[in-house]
Amino acid sequence: MEAENIDFYEAFKSYMVVNKREILKGNKLWPGFSKDILLNFLKFLLQPIMILIGVSIYVFYKNVEVANYFSESFTFKDFLFVILISLAIFKIVYFRVVLKQRFYMIEKIFGLLNVFYYLQMFFLNQRNNETPSVFTITMFSYLLIAYLIYFTKQVYKFNTYKKQFV
């Protein structure tokens, strides 16, 4: 960029003309969802600190009866649904209203919320009023906490790169 004396926008346009097909090739898992994001998130879940967090969550749920904190009309399933909807609303408000900018990579991360939503529909059967197992509660709590940490790290990394190049 500096050697050719062009600005970032022009350099990006010329880069995308050459490399667009290669970049979009990895996004064929589902429309609006990237396979690379899913693989990166799975690698993130297997980091030692995240495994330690997961074990800590399991020990917490094993020792604390979580069902006592919920009523028959508001269960853990409902709580999980409220958290997922809250995260989706946060995404819309923060990026569209507050920042008034859209970032492709960060928006792709929100596709993981769809995966969590469908997983919770499968594992936490909405028709049964039985309490989910400790393992199921741990799994979804772990995924949501890991998602929040992963999202925060990605936004921080994005802002760091943005400050370097803009």
Side-chain angles (χ1 to χ4, degrees), residues 23-162:
I23 291 170
L24 295 177
K25 191 187 304 182
N27 295 334
K28 302 227 185 236
L29 184 61
W30 291 309
F33 188 76
S34 174
K35 182 173 82 173
D36 296 334
I37 294 292
L38 181 63
L39 293 176
N40 287 337
F41 183 70
L42 291 175
K43 288 178 190 174
F44 178 75
L45 288 177
L46 297 176
Q47 291 179 352
I49 188 72
M50 293 308 299
I51 292 173
L52 181 65
I53 289 172
V55 169
S56 301
I57 292 170
Y58 179 76
V59 168
F60 173 78
Y61 284 134
K62 197 72 171 165
N63 293 324
V64 175
E65 186 61 38
V66 179
N68 294 338
Y69 297 102
F70 297 104
S71 66
E72 288 183 21
S73 61
F74 188 78
T75 62
F76 181 77
K77 299 177 231 180
D78 300 325
F79 179 67
L80 189 63
F81 181 73
V82 167
I83 289 175
L84 287 172
I85 295 298
S86 299
L87 287 172
I89 291 172
F90 167 76
K91 177 241 182 211
I92 292 168
V93 170
Y94 184 68
F95 288 106
R96 303 256 176 138
V97 177
V98 176
L99 291 181
K100 297 180 182 173
Q101 295 178 352
R102 297 180 67 185
F103 305 106
Y104 176 76
M105 195 64 189
I106 294 174
E107 284 191 8
K108 285 291 191 179
I109 295 171
F110 282 99
L112 290 171
L113 284 180
N114 292 337
V115 173
F116 297 158
Y117 175 73
Y118 291 117
L119 282 175
Q120 69 94 15
M121 284 176 59
F122 181 72
F123 285 105
L124 302 173
N125 190 353
Q126 298 295 331
R127 287 182 238 144
N128 296 340
N129 286 333
E130 63 188 44
T131 305
S133 69
V134 172
F135 179 75
T136 305
I137 293 173
T138 301
M139 181 179 69
F140 282 104
S141 299
Y142 174 64
L143 286 174
L144 284 175
I145 289 170
Y147 173 79
L148 290 172
I149 294 170
Y150 182 74
F151 173 73
T152 305
K153 286 178 77 170
Q154 293 300 317
V155 169
Y156 178 76
K157 184 168 51 170
F158 179 79
N159 286 332
T160 303
Y161 290 146
K162 185 178 170 185

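Throughout, residue positions are numbered sequentially from 1 according to the sequence presented.
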L80 side chain reached by L144 side chain, heavy atoms, under 4.5 Å:
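In contact.
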Hey, are the side chains of L143 and F41 touching, using non-hydrogen atoms and a 4.5 Å cut-off?
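Heavy-atom side-chain distance check passes, below 4.5 Å.
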L148 side, atom CG; F90 side, atom CZ - distance, nearest 0.5 Å:
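Separation between the atoms: 9.0 Å.
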Rounded to the nearest 0.5 Å, how far apart are CG of N40 and CD1 of I109?
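Answer for the CG-CD1 pair, N40 versus I109, is 9.0 Å.
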For S133, side-chain hydrogen bond (donor to acceptor under 3.5 Å, both in side chains) partners two or more places apart:
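So S133 forms a side-chain hydrogen bond (donor to acceptor under 3.5 Å, both in side chains) with T136.
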For Y147, side-chain hydrogen bond (donor to acceptor under 3.5 Å, both in side chains) partners two or more places apart:
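If we apply the side-chain hydrogen bond (donor to acceptor under 3.5 Å, both in side chains) test to Y147, skipping adjacent residues, there are no hits.
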Hey, is CZ on F79 packed in by over 12 heavy atoms from elsewhere, all under 6.0 Å?
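Not more than 12 within 6.0 Å, no.
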Show me the donor-acceptor pairs within less than 3.5 Å that the side chains of residues 45-66 make with the rest of the protein, sequence neighbours left out.
unit_1, atom_1, unit_2, atom_2, d
S56, OG, L52, O, 2.8
Y61, OH, S141, OG, 2.7
N63, ND2, V59, O, 3.1

Using 30° and 60° as the class limits, which term best fits the ring planes of F44 and Y150: parallel, tilted or perpendicular?
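Because their plane-to-plane angle lies in the 30° to 60° range, the rings of F44 and Y150 count as tilted.
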